[in-house]
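Reading through the structure tokens given below for one structure.
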Amino acid sequence: TDSGFRLMAKRIRLGMVGGGQGAFIGEVHRLAARLDNRFELCAGALSADPERARASAQELGISADRAYVSFEEMAQAESEREDGVQAVAIVTPNHLHFEPAKAMLAAGIHVICDKPLTSDYAQAQELAEIVSKSAAQFAVTYNYSGYPLVREARHLIASGALGAIRLVQVEYPQDWLATNIESEGQKQAEWRTDPARAGAGGSIGDIGTHAFHLAGFVSGMQPTSLLADLTSFVPGRVLDDNAHILLRYACGARGMLWASQVAAGQENALRLRVYGETGSLEWFQENPNQLIHRPLGEPMRTPTRGGAGLSSDVAVGAITRIPAGHPEGFIEGFATLYSDFADLIESTAVTGGVSATASNQARLLPTVADGLKGVRFVGAAVESMAGGSVWVAL
């Protein structure tokens, strides 16, 4: 039954590609996968460096015979084991998403991939085609879509609480790349500012894609065209570290997206505002447990995570894990996506298809199609700038 498919005897066996010693996002994924007790990390190709791969696996309690140097070796070996991994998290730099994903899907292993989907649009298209023909499930970790009040904002807009949408304003300013730390050997900065590893977009690929997905997820709309002004403020930096982008929607709505990693004093200030004919919504990532709803001509409302009157998309145990007033945030957002993904995997394993409960959660889970849109967004922004900041169709 729908209520019973989660009652499996064992956790989902998880592998990981990337995420070895010194990595940031790999540990985030591991914490998220453990939070709801749905996954168990069993294997990994954690680094291309054999010594680091072995040392990383040992630190994580992965047995030596399941610590692989290459993802190709891992895909083959794990698919041949009776207790092989059922899913793999890909947490490598952008240019190393496509090949591991392709190999795992070919081996019948489910994939959860960090964003952006790939560093190249042609590869993103090819991967989407591969996923469409595969029996394995695939998700992309646009983790802000897992925040409870982001899902509540989506529900309110879909229910017509704002009327017809007129304006979408989304911004994601940080300051951690305000200086040339990549030249000092800072690992995270090194690859994110390198076109060979990050792709054509700097700040737009790293955090702009988050802002782009968030705006579409909540508003329910995708822009039809954009105009971009991309800048590299730090001397010697090739990729953009600041982006101002105008958006146009088919319904006539307009949008603005700002992504910056040189905004002095800003930490992780992702903010979304959506304005309709009859009201507006505002959500701020640094205060994620409160949503601001301003109906036109009425007092402001501030629904909170765990508070009364929230939609069914939010008011379930897997989404709000602790009592109201206790903050949830970054790790929990990732964990929600992992839990949604586990629902899909377990439902398929038990019923031979996706159950109604799992299907309901899957509609909120970022897919390969969402990943494809994100890569196209980066390419269109670069194309717009190269043409002298002109409108480019999406």
Side-chain angles (χ1 to χ4, degrees), residues 115 139-173 207-224 226 245-259 268-296 300-305 307 309-316 319-320 328-330 332-334 336-337 340 360-367 369-371 373-374 377 394:
K115 44 59 52 188
V140 180
T141 49
Y142 284 115
N143 61 296
Y144 299 108
S145 64
Y147 281 55
L149 288 178
V150 166
R151 293 189 172 188
E152 180 67 10
R154 172 190 169 99
H155 168 78
L156 286 170
I157 289 175
S159 68
L162 306 189
I165 302 303
R166 290 173 170 172
L167 304 170
V168 178
Q169 302 279 125
V170 62
E171 61 183 51
Y172 200 158
I207 58 175
T209 50
H210 270 307
F212 182 78
H213 179 264
L214 179 67
F217 180 81
V218 172
S219 71
M221 307 186 305
Q222 293 295 321
T224 55
L226 63 74
I245 299 176
L246 298 178
L247 305 169
R248 287 179 177 172
Y249 297 87
C251 65
R254 296 293 188 265
M256 294 176 63
L257 186 153
W258 171 41
N268 213 63
L270 174 60
R271 186 188 300 270
L272 175 68
R273 290 170 286 176
V274 182
Y275 299 87
E277 290 181 344
T278 60
S280 66
L281 289 173
E282 180 174 353
W283 180 79
F284 183 40
Q285 196 276 151
E286 292 184 353
N287 184 22
N289 292 272
Q290 184 180 78
L291 180 67
I292 299 175
H293 179 200
R294 298 184 177 93
L296 187 64
M300 181 177 72
R301 304 168 188 173
T302 56
T304 58
R305 187 215 46 88
L310 300 182
S311 69
S312 59
D313 285 347
V314 175
V316 296
I319 306 302
T320 56
E328 290 189 1
F330 187 71
E332 291 86 351
F334 268 99
T336 295
L337 300 191
D340 289 347
N360 182 57
Q361 290 305 105
R363 67 189 171 85
L364 302 174
L365 186 65
T367 67
D370 294 303
K373 291 170 188 172
F377 159 74
L394 287 168

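Note that the coordinates shown come from a computational prediction; the quantities given were computed from them, not determined experimentally.
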| Worked check of side chain to side chain contact (heavy atoms under 4.5 Å, CB included) between Leu394 and Lys373 | CA-CA 9 Å; Leu394 287 168; Lys373 291 170 188 172; over 6 Å; no

| Could you go step by step and tell me if Arg248 and Arg254 meet the side chain to side chain contact (heavy atoms under 4.5 Å, CB included) rule? | CA-CA 5 Å; Arg248 287 179 177 172; Arg254 296 293 188 265; 3.8 Å; yes

| Derivation of the side chain to side chain contact (heavy atoms under 4.5 Å, CB included) call for Thr336 and Leu364 | CA-CA 10 Å; Thr336 295; Leu364 302 174; over 6 Å; no

| Audit row: Leu156, Glu152, side chain to side chain contact (heavy atoms under 4.5 Å, CB included) steps and yes/no | CA-CA 6 Å; Leu156 286 170; Glu152 180 67 10; 4.1 Å; yes

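No side-chain heavy atom of Ile319 sits less than 4.5 Å from a side-chain heavy atom of Arg305. Between Val218 and Val170 there is no side-chain heavy-atom pair separated by less than 4.5 Å. For the pair His213/Ser145, a side-chain contact is recorded, criterion being any heavy-atom separation below 4.5 Å from C-beta on. Using a 4.5 Å heavy-atom threshold, the side chains of Trp283 and Val274 count as separate. Proximity of Pro223 to Phe212: side-chain heavy atoms (C-beta onward) are separated by under 4.5 Å at one or more points.
The two residues Ala161 and His293 make their nearest non-hydrogen contact at O-NE2, 4.3 Å. For Glu328 against Thr320, the heavy-atom pair with the smallest separation is OE2-C, 3.7 Å. Shortest non-hydrogen contact noted between Gly163 and Thr278 is N-OG1, 3.2 Å. Nearest heavy-atom pair, Gly255 versus Tyr249, reported as atom, atom and distance to 0.1 Å: N-CE1, 4.0 Å. In this structure, Ile157 and Ile165 approach most closely via the heavy-atom pair CG2-CD1, 4.1 Å. Between Leu272 and Ala215, the shortest heavy-atom contact is CD1-CA, 4.1 Å.
If you take OH on Tyr142 and CG on Leu337, they are separated by 12.0 Å, rounding to the nearest 0.5 Å. Atoms OH and CD1, from Tyr172 and Ile207 in turn, are 6.0 Å apart once rounded to the nearest 0.5 Å. How far CZ of Phe377 is from OG1 of Thr209: 7.5 Å, rounded to the nearest 0.5 Å. The structure places CG of Leu149 at 12.5 Å from NE2 of His155, a figure rounded to the nearest 0.5 Å. Of the inter-residue distances, the one linking Leu247 atom CG with Gln169 atom CD reads 9.5 Å to the nearest 0.5 angstrom. With rounding to the nearest 0.5 angstrom, the CE atom of Met256 is 11.0 Å from the CD1 atom of Ile245.
A donor-acceptor pair shorter than 3.5 Å can be found between the side chains of Gln285 and Tyr147. Side-chain contact, Thr304 with Gln290: no donor N or O sits under 3.5 Å from an acceptor N or O.
In this structure Glu286 satisfies the side-chain contact (heavy atoms from CB on, under 4.5 Å) test together with Glu267, Asn268, Ala269, Phe284, sequence neighbours excluded.
Few gaps surround CE on Met221; more than 12 heavy atoms of other groups in view lie less than 6.0 Å from it.
Using a cut-off of 4.0 Å between Lys/Arg side-chain N and Asp/Glu carboxylate O, Arg273 and Glu171 are scored as salt-bridged.
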